[in-house]
Amino acid sequence: MGNEPAKPGNNQQPEKPAAPVQATASSPNPIKILIADSQAIYRVGIRKIFALEDDLRVVAQAESLGQTLAAASRFEPDVVLMESAMSPNPAGAVAEVQKRVPNAKLIIIAGESDEDDTVEYLRRGVRGIIKRSVAPELLIKCVRKVAEGETWLDNQGVNWVIEAYRTQTSHPSAAKPKGRLTDKELLIVACVTQGMKNKEIATEVGTTEQVVKNYLRKVYDKLGVSDRLELALYCIHHRLLQGVKVPRPGEASPAKPVADVGPSEAASASSHKA
């Protein structure tokens, strides 16, 4: 185990860099994790939990936002597990980390979060929100799911997302699309709202996963949304896909019109990577 960085004191000495961690995982392509938490005992505990899993590798630990940003740039982790209380502006800290490592998936270790915090984290691109009291087996499952591109929320968080959807539908002044979506874009969006993954969408429309990703980027820009969750909520609010049909994964016959999709499907759509 790498040595823990010393806590900055009041002597105005430069902050020490985040502590790198020697690789111990035997998996050929382990999930690289950066643990960013102000409490050393919590970092040590989490690392011991991950050390028992062959597919999880802690590449660095950080105790401050500055260390987190430096470590993220240096080690390019797949997942950043970050304490919300590390910064007085957690949402801003999320944005800073994403600038350094845009491909990393962020999991927030939240203390007392509320509906506004949860929705704001998701809008900022956070893929998982957990509490400090999370059970070890659920923490491991969360990291794996988030690394695969899914979103991890507890039941309360899901309820808050649904409530945000209901609030959004009561405000008809939401932004209109910048441009008309093509038929293929509409089909891809319909697949997303059904909770289909990129691989499944590529098979459905007869293309590749990379092409699907390219289409989604264009759709995000046209609609002014930033992720699959906002895309699903937008489509439900504006009834954008009324009449568009798409088979659910594993079904040979067309499914119901996407206009009938409700909040639960929106939450499902948010659980897959963009």
Side-chain angles (χ1 to χ4, degrees), residues 98 102-103 105 118-128 145-146 148-153 157-158 160-274:
Q98 289 185 320
N103 294 325
K105 310 295 194 309
T118 298
V119 173
E120 182 62 20
Y121 284 141
L122 294 175
R123 290 186 185 280
R124 296 274 184 161
V126 169
R127 295 303 185 95
K145 290 294 184 180
V146 167
E148 291 172 359
E150 299 189 22
T151 297
W152 183 277
L153 292 173
V158 172
W160 281 336
V161 170
I162 293 174
E163 184 61 30
Y165 152 74
R166 289 170 178 163
T167 301
Q168 181 178 344
T169 59
S170 67
H171 294 80
S173 59
K176 299 297 182 182
K178 297 178 182 178
R180 182 180 181 277
L181 299 185
T182 66
D183 290 342
K184 178 163 284 191
E185 287 171 343
L186 285 171
L187 178 58
I188 290 175
V189 171
C191 292
V192 170
T193 62
Q194 296 285 6
M196 296 172 67
K197 297 181 179 180
N198 287 346
K199 184 176 181 180
E200 296 168 331
I201 297 174
T203 300
E204 176 62 30
V205 302
T207 186
T208 65
E209 289 185 65
Q210 185 57 53
V211 171
V212 170
K213 291 180 181 179
N214 293 340
Y215 269 108
L216 283 176
R217 292 192 190 99
K218 293 179 181 178
V219 168
Y220 289 171
D221 182 63
K222 286 184 178 181
L223 301 184
V225 300
S226 60
D227 55 31
R228 297 171 92 100
L229 173 61
E230 289 191 4
L231 175 61
L233 294 177
Y234 183 99
C235 292
I236 294 169
H237 177 58
H238 290 285
R239 301 184 68 83
L240 185 67
L241 301 174
Q242 187 170 11
V244 178
K245 296 182 179 181
V246 61
R248 293 183 184 274
E251 289 186 352
S253 58
K256 62 182 179 181
V258 181
D260 297 333
V261 174
S264 60
E265 284 86 350
S268 174
S270 72
S271 66
H272 302 301
K273 59 188 176 181

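Along the sequence shown, residues carry numbers from 1. Excluded from the calculations below are hydrogen atoms, water molecules and symmetry mates; all remaining heavy atoms, backbone and side chain alike, are included.
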Could you grab the distance from atom [atom1] of [X] to atom [atom2] of [Y], nearest 0.5 Å is fine?
| X | Y | atom1 | atom2 | result |
| --- | --- | --- | --- | --- |
| I201 | T207 | CD1 | OG1 | 11.0 Å |
| K213 | T208 | NZ | OG1 | 9.5 Å |
| E209 | E200 | CD | CD | 10.0 Å |
| Q98 | N103 | CD | CG | 10.5 Å |

*Report yes if the side chains of K197 and E150 come closer than 4.5 Å at any heavy-atom pair, otherwise no.*
yes
*Any side-chain heavy-atom pair from N198 and L216 closer than 4.5 angstrom?*
yes
*So, for K184 and V205, which heavy atoms are closest and what is the spacing to 0.1 Å?*
NZ-O, 4.3 Å
*Could I get the full list of side-chain contact (heavy atoms from CB on, under 4.5 Å) partners for T203, not counting sequence neighbours?*
none
_Partners passing side-chain contact (heavy atoms from CB on, under 4.5 Å) against E185 (at least two apart in sequence or in another chain)_ = L181, T182, Y215, K218, V219, K222
